[in-house]
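Per chain, numbering begins at 1; letters A, B, ... match sequence-line order. These values consider heavy atoms only, across backbone and side chains, with no hydrogens, waters or symmetry-generated copies.
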Amino acid sequence: MQKDKAGQEIEAFGWIDRIRNLGGLVFVDLRDRTATLQIVIDPKDIPAAKELGLQDCILALGKVRERPGAQKNPKMTTGNVELEVSKIEVLGKSKVPPFVVESDVKANEDLRLRYRYLDLRREPMQQAIIFRHQIITAMREYLNKNDFIEIETPILTRSMPEGARDYLVPSRLYKGKFYALAQSPQMYKQLLMVAGFERYYQIARCMRDEDPRHDRQPEHTQIDMEMSFVDEEDVVTIAEGMFAHILKTVSNQELNTPFLRLTYKQVIERYGTDKPDLRFEMEIIDVKEIFKEKNFPPFKDKQEIRGLVIKDGGAISRKEFDTLNEQAKELGLAGIFWCKRDEKFSGSIAKLMDEDIAAELKLEKGDLLVISAGDDKVFSFLGSLRNDIATKLKLHKQGFEFLWVYDFPLFELDKETETYAPCHHIFSQPKQEDIKYLDTDPLKVHGRLYDLVCNGNELASGSIRNHNRQIQEKLFGIVKMDPTKYTMLLDALEYGAPPHGGIAPGIDRIVMVLAGLKSIREVIAFPKTTTAQGLMENIPDQVTPQQLKDLHIKTD
RNA sequence: GGGGUCGUAGUUCAGAUUGGUUAGAACGCCUGCCUGUCACGCAGGAGGUCGCGAGUUCAACUCUCGUCGGCCCCGCCA
């Protein structure tokens, strides 16, 4: 819809975004998914112009004409032209919308979700959904080009509740028996490798009955992929190539590959999280050697004494420190201690400080040192503080900071139940050199696992899998999982299973991060709330007694 | 399951500390005027169970307790 169309007769279909009624002349902004076009109606010829309302769906027929100089609108992509209307047809009259449908929407999110079809008319939502489409298209292009084939796997599958809680589906034909909605295509994609497809992918919906968050939904979509005859390097290279292709395609950006790699141990010690945000520095530092000799009672006999140096940290108030101190103590830590360097040292540990220490810590004038001490919880505590401070002080650089986190432990100890739990998932292969610890000290076993992190978000998770039944059974045994639920996989591993591995980047999060949005709900057409409800569909909802009877279900 | 926060015209918010006359604004809506607007303008108007329920009080949008709902966080998310 540009100047070159001037003079042409066209039909314009769209929705009314704005009406400017000047009495003898009516301007209407007509929007479709590609653009907004100003149409001009003379109400003497077309009295219906007076009846038009916001969000009406109309057809406008007329002639495109170039606007005279001063009437051009450089803020509109179609601002050099307008449509001189000869006929209007209202195709779908709109009631007065419950909120004003505009880019900079004022309505709260619950109202937007209740009328999602109106919310989705807004330009930022249209852009996000189209952006998502472009990303998925780029993913498919890249994988197709690299000899992957797309295969669908069942949504209706077997309950495997050892991971997340399952959404269960009662069986009508078999009283008291249940299907479960797939939490992931994990089992099937491994079986596809056994079946010899070598390279598979799928846009896979995954359903997990756990509480949603700003970056988590009861159902999410991942680009699930698996490859045979590969090691970590092959999978990582494919994934990096895919992200590079996406960035190139959707925003013409070059991505530097290979990405940075850090071990799990490194990211925990330096950033206090397994998904660090590298858009700012401020690493956690080890100050135990410096302070352990200071005879400061709170630090006495503490396993860890760690801190952060906050450049220009003056913006942290005394009250905020009190709150942090409370939080630290609730975690069983010694609290939080601080020292500000101005003309001299001030703060709760000022008297422990001297110029030598300041020099060693590179604590310059205006900087703030915060320290906590205790067990390994200091890392997550300081890690979360690190993120909060960065947000408060606006330390985030522009752009995307990708990194791989690898060398995860295969198991973690659940301190309450004194049992081992899979740190990631139980199908990952132990590192060869750690297999000897499987029987003696499982916590020492590292997995052939890799997570892709970007700007503090876990975007993908993958591993090299077990293709040996005995190893896989041993892993089930360590975490007390029932191997009979996985018979189909275990059996398949005995029929010439190839070595294989894969990865599953989460599409919702990728779109969210690449679009610079704060909530996954902004890139999903019809999301659930953080209470797992569909406000538009009004779900979950009751069903009829007959439905329950068919399914052999009694409720309280 | 736990913590924080918010809930007042259709919508987004103010008002609430210090309980008291008619609960305001903007956008949207309705009516009128207006032929070059593009966040059009101008004039007028309608629109409120102050989330819900109890309590305190002569009197509650305001205070107390409970409850419901949204969002954020912890738990949880192999």
Side-chain angles (χ1 to χ4, degrees), chain A residues 17-30 36-45 49-50 53-55 67-76 78-79 82 84 94-115 118 160-166 183-184 186-187 206-218 220 323 326-327 330-331 380-381 384 387-388 408 410-412 414 416 420-428 447 449 458 461 463 475-476 479-481 485-486 504 506 518-519 521 528-533 535:
Chain A
D17 220 32
R18 273 215 157 74
I19 301 171
R20 292 177 293 281
N21 185 348
L22 275 57
L25 197 60
V26 179
F27 296 99
V28 170
D29 291 341
L30 192 63
T36 301
L37 172 69
Q38 172 167 282
I39 68 176
V40 190
I41 312 168
D42 187 335
K44 285 197 300 294
D45 303 332
K50 304 262 184 197
L54 295 183
Q55 299 308 321
R67 301 196 202 177
Q71 289 162 22
K72 289 190 167 65
N73 184 349
K75 284 189 281 187
M76 272 173 100
T78 63
E82 63 190 3
E84 185 183 10
S94 175
K95 283 169 55 174
V96 175
F99 59 91
V100 184
V101 178
E102 56 194 342
S103 290
D104 189 14
V105 71
K106 307 290 191 304
N108 282 324
E109 196 181 0
D110 52 341
L111 189 70
R112 292 171 50 208
L113 289 175
R114 197 158 281 129
Y115 296 91
L118 294 180
M160 296 177 231
E162 285 87 353
R165 200 175 288 115
D166 279 319
Q183 292 191 27
S184 118
Q186 182 68 31
M187 192 101 344
C206 303
M207 273 88 30
R208 299 173 186 175
D209 187 3
E210 300 290 349
D211 290 3
R213 286 280 194 284
H214 75 99
D215 63 347
R216 267 166 32 193
Q217 282 273 302
H220 77 278
T323 310
E326 289 300 311
Q327 290 169 357
E330 275 170 31
L331 288 170
S380 57
F381 177 69
S384 136
N387 281 332
D388 293 347
F408 285 85
L410 209 48
F411 305 105
E412 57 194 7
D414 185 323
E416 279 179 30
Y420 297 108
C423 192
H424 261 56
H425 75 51
I426 196 62
F427 307 105
S428 303
L449 287 151
E458 183 191 314
S461 188
S463 67
L475 300 187
F476 283 142
V479 298
K480 304 273 196 294
M481 281 167 70
K485 300 236 172 181
Y486 304 89
K518 290 200 164 53
S519 163
R521 295 185 297 273
K528 309 279 188 289
T529 65
T530 53
T531 48
Q533 295 178 85
L535 297 179

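- Considering only the side chain of A:Lys75, B:rA39 comes nearest among B:rC72, B:rU11, B:rA39.
- Atom C1' of B:rA60 sits at a distance of 31 Å from the matching atom of B:rG2, rounded to the whole Å.
- Spacing between atom CG of A:Asn108 and atom P of B:rU8 amounts to 8 Å, rounded to whole angstrom units.
- As rounded to the nearest Å, B:rC61 and B:rU18 have C1' atoms that lie 15 Å from one another.
- A distance of 6.0 Å separates CD of A:Gln327 from CZ of A:Phe381, quoted to the nearest 0.5 Å.
- Nucleotides B:rA16 and B:rG24 place their P atoms 14 Å apart, quoted to the nearest Å.
- Using a 4.0 Å heavy-atom criterion, one finds that A:Gln183 contacts no nucleic acid atom at all.
- Comparing the C1' positions of B:rG53 and B:rG15 gives a spacing of 24 Å, expressed to the nearest Å.
- Among the heavy atoms of the strands, none lies under 4.0 Å from A:Arg112.
- Each of B:rC38, B:rC77, B:rC71 was ranked by its minimum atom distance to the side chain of A:Arg208; first place goes to B:rC77.
- The partner of B:rA60 cannot be assigned: no Watson-Crick or G-U wobble pair with both contacts below 3.5 Å exists in any strand.
- Protein atom CZ of A:Arg213 is 12 Å distant from nucleotide atom P of B:rC71, rounded to whole Å.
- Nearest-nucleotide positions on RNA chain B place A:Leu535 closer to the 5' end than the other of A:Asp211 and A:Leu535.
- The partner of B:rC34, taking Watson-Crick or G-U wobble pairs whose two distances both stay under 3.5 Å, does not exist in any strand shown.
- The base-pairing partner of B:rC52, taking Watson-Crick or G-U wobble contacts with both distances under 3.5 Å, is B:rG66.
- Counting to the nearest Å, the C1' atom of B:rC6 and the CG atom of A:Leu111 are 15 Å from each other.
- When each of A:Gln533 and A:Cys423 is assigned the nucleotide of RNA chain B bearing its nearest heavy atom, the one mapping closer to the 5' terminus is A:Gln533.
- Spacing between B:rC34 and B:rC72 at atom P, rounded to whole Å, works out to 50 Å.
- A:Leu113 places none of its side-chain heavy atoms less than 4.5 Å from the side chain of A:Gln533.
- Residue A:Asn73 places its side chain closer to B:rC38 than to any other of B:rU11, B:rC38, B:rC40.
- Pair assignment for B:rA25: B:rU12, on the basis of Watson-Crick or G-U wobble contacts that are both within less than 3.5 Å.
- Comparing B:rG48 with B:rU8, their C1' atoms sit 8 Å apart, to the nearest whole Å.
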The contact string for nucleotides 32-37 of chain B, one letter per nucleotide 5' to 3', using protein heavy atoms under 4.0 Å with B, S and - for base, sugar-phosphate only and none, comes out as --BBBB
Carefully, step by step, assess A:Arg521 and A:Glu109 under the rule salt bridge (Lys or Arg N to Asp or Glu O under 4.0 Å). CA-CA 10 Å; A:Arg521 295 185 297 273; A:Glu109 196 181 0; 2.6 Å; yes
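- Between the CD atom of A:Gln38 and the CG atom of A:Asp17 there is a distance of 12.0 Å, given to the nearest 0.5 Å.
- When the C1' atom of B:rC38 is taken as reference, atom CG of A:Leu54 falls 14 Å away, rounded to whole Å.
- Here the separation of B:rG7 from B:rU64, taken at their P atoms, is 14 Å to the nearest Å.
- Judged by Watson-Crick or G-U wobble contacts below 3.5 Å, the nucleotide B:rC71 has B:rG4 as its partner.
- Comparing B:rC77, B:rC71, B:rA39 against the side chain of A:Thr530 picks out B:rC71 as the nearest.
- A donor-acceptor contact shorter than 3.5 Å links the side chain of A:Arg165 to the backbone of A:Asp209.
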Steps toward salt bridge (Lys or Arg N to Asp or Glu O under 4.0 Å) verdict (A:Arg20, A:Asp29): CA-CA 9 Å; A:Arg20 292 177 293 281; A:Asp29 291 341; 2.9 Å; yes
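- Rounded to whole Å, atom C1' of B:rG28 lies 12 Å from atom CD1 of A:Ile19.
- Taking the charged nitrogens against the carboxylate oxygens, A:Lys44 and A:Asp42 do have a contact shorter than 4.0 Å, which makes a salt bridge.
- Ring geometry for A:Phe476 versus A:Phe427: interplanar angle over 60°, hence perpendicular rather than tilted (30 to 60°).
- Note on A:Leu113: nothing from the nucleic acid sits closer than 4.0 angstrom, heavy atoms only.
- Between the CG atom of A:Asp110 and the C1' atom of B:rG70 there is a distance of 5 Å, rounded to whole Å.
- The nucleotide B:rA39 finds no pairing partner, because no Watson-Crick or G-U wobble arrangement with both distances shorter than 3.5 Å includes it.
- Looking at A:His220 and A:Met207, their side chains never come closer than 4.5 Å, going by heavy atoms from C-beta outward.
- For the C1' atom pair drawn from B:rG47 and B:rU12, the interatomic distance equals 16 Å after rounding to whole Å.
- Within 4.0 Å of A:Thr531, counting heavy atoms only, lie sugar-phosphate atoms of the nucleic acid but no base atom.
- Here the C1' atom of nucleotide B:rC72 and the CZ atom of A:Arg521 are 9 Å apart, to the nearest Å.
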